[in-house]
A.B. asks: 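My structure is below; once you've seen it, I'll send some questions.
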Amino acid sequence: MPNGSDAPSIDIRYLADVVLTCDEHFAMIERGAVDVRADGRIAWVGAAADASATDAPVINLGGLLMPGLVNTHAHTPMTLVRGAGDGLPLMAWLEEVMWPREGRLHPTDVWWGMTLGSVEMLRSGVTTTCEMYAFEHDVIDAGSEAGIRLVMCPGVLSVAHLDDTGSVADRVGEIAAVHDAVDDPSGLVTIGFAPHSAYDLGVGACAEIAAAARERDALLHIHVAETADEGDALAKQHGGASVPRLLADAGALDGRVLAAHSVWLDDADLDVYASSGVAVAHCPVSNMKLGSGVARVPEMIERGITVSLATDGPASNDDLDLWEEIKIASLLARVTSLDPTVMSAQQVISMATRGGAEALDLHTGVLEPGRWADMIRLDLDDPAFVPVTSPQELIAHVAWAGGSRHVTDVWVGGERVIADRVCLTVDESRARYEVQHRAQRLAQESGT
């Protein structure tokens, strides 16, 4: 119990029927309290009966309070191309539909696409998103206005950023300037570097970008081994070596690295990830929709690799609802291993909260003192949460029966951005209108 002069000052206290902390012990507190400081961080968490006296406002929320979900790989402005090219394999989907439409984007298109996607995520309980995209200033501006926590990793693509000598120096300079001007670990926005992939840029360019990220202790975010054959050309050029081994040998995995997808990895590749400290953004729904395969998540976890959950973009998923990933990630692991004990409800919820925060090196994902008060409330007054005869059953309900429809309120850094399922920061109807009309223009101009 906090008391006396050492007790941290609080701005507001929230009471809930259940507080699910998602800490390493997965503590569940019945009739719990969360004290939030004026700076948006958590001051104290515990049983309401043990809370100290306070003059701060006390809000009785009821329901279940837990950390906000962390989406570790998204291309959210692709709300503008949601549903386009359905049924095509990855490279045909990119080259014949996605890139022709995206090549006609205006900055204001990206702003509205990110705005609408931010509403979609916040309403589903996603409080942090890691974005790999271009038009980084517009993505940052839109995400900041919506109030979502943002790890912005400006993308580097060969079609846009490689010069005749194979250099990406100009683009690296642009990203470095954004990092130096905008990166703010004490605020809502941090900046990383995002080479699209080794198969697109080549290993040398990826290593060059990785070196720039390491200089700033910034995140390197990259697609790796999404499809079975994407690394074949590189393997032929380099004596059969896999992409993870090539990246490691080039020093591209030496810093803070988050690898998206990572479906087609053998045991040696997994060992490279483990020894290099590479974290994984697991995108099960996108991998299924594009027919890419099933990542070896249980083996990753056995090796101590940090695995987080992600939606990928709204054109390959086709939504930004991380609750789907929570359920499907575990189901895929169980059905492919023929083992119903693999990846428990507790594990997969942790991947969507604490695991995401660890992958992004953010002080969120857990309800504990010092962390950001990124929180969501679930309505337990719903058939999906009946019956509950033990704490473990409630955890199971959150993973298997819960979903975005149960999220009623959302806070990011202590600020309420969703109240009673309504977004307080964005005119959602205007955002839907803008994205609809801009998407029609992109389809017409590209002829796709």
Side-chain angles (χ1 to χ4, degrees), residues 70-77 114 127-144 148-157 160-162 167-198 200-224 244 247-248 250-262 272-273 276-281 305-308 310 355-365 372 374 413:
V70 180
N71 188 358
T72 58
H73 178 65
H75 316 283
T76 296
M114 183 64 194
T127 53
T128 297
T129 181
C130 180
E131 295 292 327
M132 178 190 286
Y133 214 67
F135 298 93
E136 50 270 11
H137 294 287
D138 303 283
V139 175
I140 292 167
D141 185 54
S144 298
I148 197 166
R149 191 173 301 281
L150 176 65
V151 179
M152 180 68 222
C153 300
V156 187
L157 281 166
H161 303 120
L162 279 179
S167 173
V168 297
D170 289 345
R171 180 58 172 159
V172 168
E174 292 174 355
I175 300 171
V178 173
H179 178 279
D180 296 346
V182 178
D183 185 71
D184 182 12
S186 66
L188 284 179
V189 181
T190 52
I191 305 298
F193 291 67
H196 180 273
S197 58
D200 175 61
L201 291 165
V203 175
C206 291
E208 181 182 348
I209 299 165
R214 285 197 305 277
E215 287 177 8
R216 292 162 175 80
D217 191 29
L219 183 71
L220 184 83
H221 189 29
I222 182 171
H223 297 102
V224 180
L247 290 171
L253 304 185
D254 289 348
R256 293 171 48 212
V257 179
L258 175 61
H261 301 290
S262 300
V272 167
Y273 272 32
S276 300
V278 174
V280 172
I305 296 168
T306 297
V307 182
S308 58
E358 291 174 358
L360 300 175
D361 195 24
L362 294 176
H363 295 291
T364 184
W372 290 111
D374 293 1

A.B. asks: Using salt bridge (Lys or Arg N to Asp or Glu O under 4.0 Å) as the criterion, list what pairs up with Arg149, not counting sequence neighbours.
C.D. replies: Asp374
A.B. asks: Walk me through it: do Leu188 and Leu150 pass the test side chain to side chain contact (heavy atoms under 4.5 Å, CB included)?
C.D. replies: CA-CA 6 Å; Leu188 284 179; Leu150 176 65; over 6 Å; no
A.B. asks: If you measure from CE on Met152 to CG on Asp138, what distance do you get to the nearest 0.5 Å?
C.D. replies: 9.5 Å
A.B. asks: Test: salt bridge (charged side-chain N to carboxylate O under 4.0 Å, His left out). Region: residues 212-221. Which pairs qualify, not counting sequence neighbours?
C.D. replies: Asp180-Arg216
A.B. asks: For Thr306 versus Ala359, what's the shortest heavy-atom pair and its separation?
C.D. replies: CG2-N, 4.0 Å
A.B. asks: Start with the C-alpha distance between Ile175 and Val156, add both sets of side-chain angles, then the distance that settles side chain to side chain contact (heavy atoms under 4.5 Å, CB included), and finish with yes or no.
C.D. replies: CA-CA 9 Å; Ile175 300 171; Val156 187; 3.7 Å; yes
A.B. asks: Looking only at non-hydrogen atoms, find the nearest pair between Ile222 and Ser197 and report the distance.
C.D. replies: CG1-CA, 3.9 Å
A.B. asks: Which heavy atom in Ala252 sits nearest to a heavy atom in Ala207, and how many Å separate them?
C.D. replies: CB-CA, 4.1 Å
A.B. asks: Are the side chains of Ile140 and Ile191 in touch, meaning some heavy atoms are under 4.5 Å apart?
C.D. replies: yes
A.B. asks: Heavy atoms, side chains only, cut-off 4.5 Å: are Ser276 and Val257 in contact?
C.D. replies: no
A.B. asks: If every non-hydrogen atom of Val272 is compared with every non-hydrogen atom of Pro244, which pair is closest and at what distance?
C.D. replies: CG1-O, 3.8 Å
A.B. asks: Within a strict 4.5 Å, meaning less than it, do heavy atoms of the Cys130 and Leu219 side chains meet?
C.D. replies: yes
A.B. asks: Mind listing the closest non-hydrogen atom pair of Pro154 and Arg171 along with its distance?
C.D. replies: CB-NH2, 3.6 Å
A.B. asks: Just wondering, do Leu253 and Leu247 contact through their side chains at under 4.5 Å, heavy atoms?
C.D. replies: yes
A.B. asks: Students often mix this up, so state it plainly: with edges at 30° and 60°, are the rings of His261 and His73 parallel, tilted or perpendicular?
C.D. replies: perpendicular
A.B. asks: Is the backbone of Leu258 close enough, under 3.5 Å, to the side chain of His221 for a donor and an acceptor to pair up by distance?
C.D. replies: yes
A.B. asks: Going by heavy atoms in the side chains, are Thr127 and Trp372 under 4.5 Å from each other?
C.D. replies: no
A.B. asks: Which atom names give the shortest non-hydrogen contact between Pro77 and Glu131, and what distance separates them?
C.D. replies: CD-OE1, 3.8 Å
A.B. asks: Is a side-chain N or O of His223 found less than 3.5 angstrom from the main chain of His196, in a donor-acceptor match?
C.D. replies: yes
A.B. asks: What distance separates Asp200 CG from His161 NE2, expressed to the nearest 0.5 Å?
C.D. replies: 10.5 Å
A.B. asks: Leu360 and side chain to side chain contact (heavy atoms under 4.5 Å, CB included): which partner among Asn71, Thr190, Val151?
C.D. replies: Val151
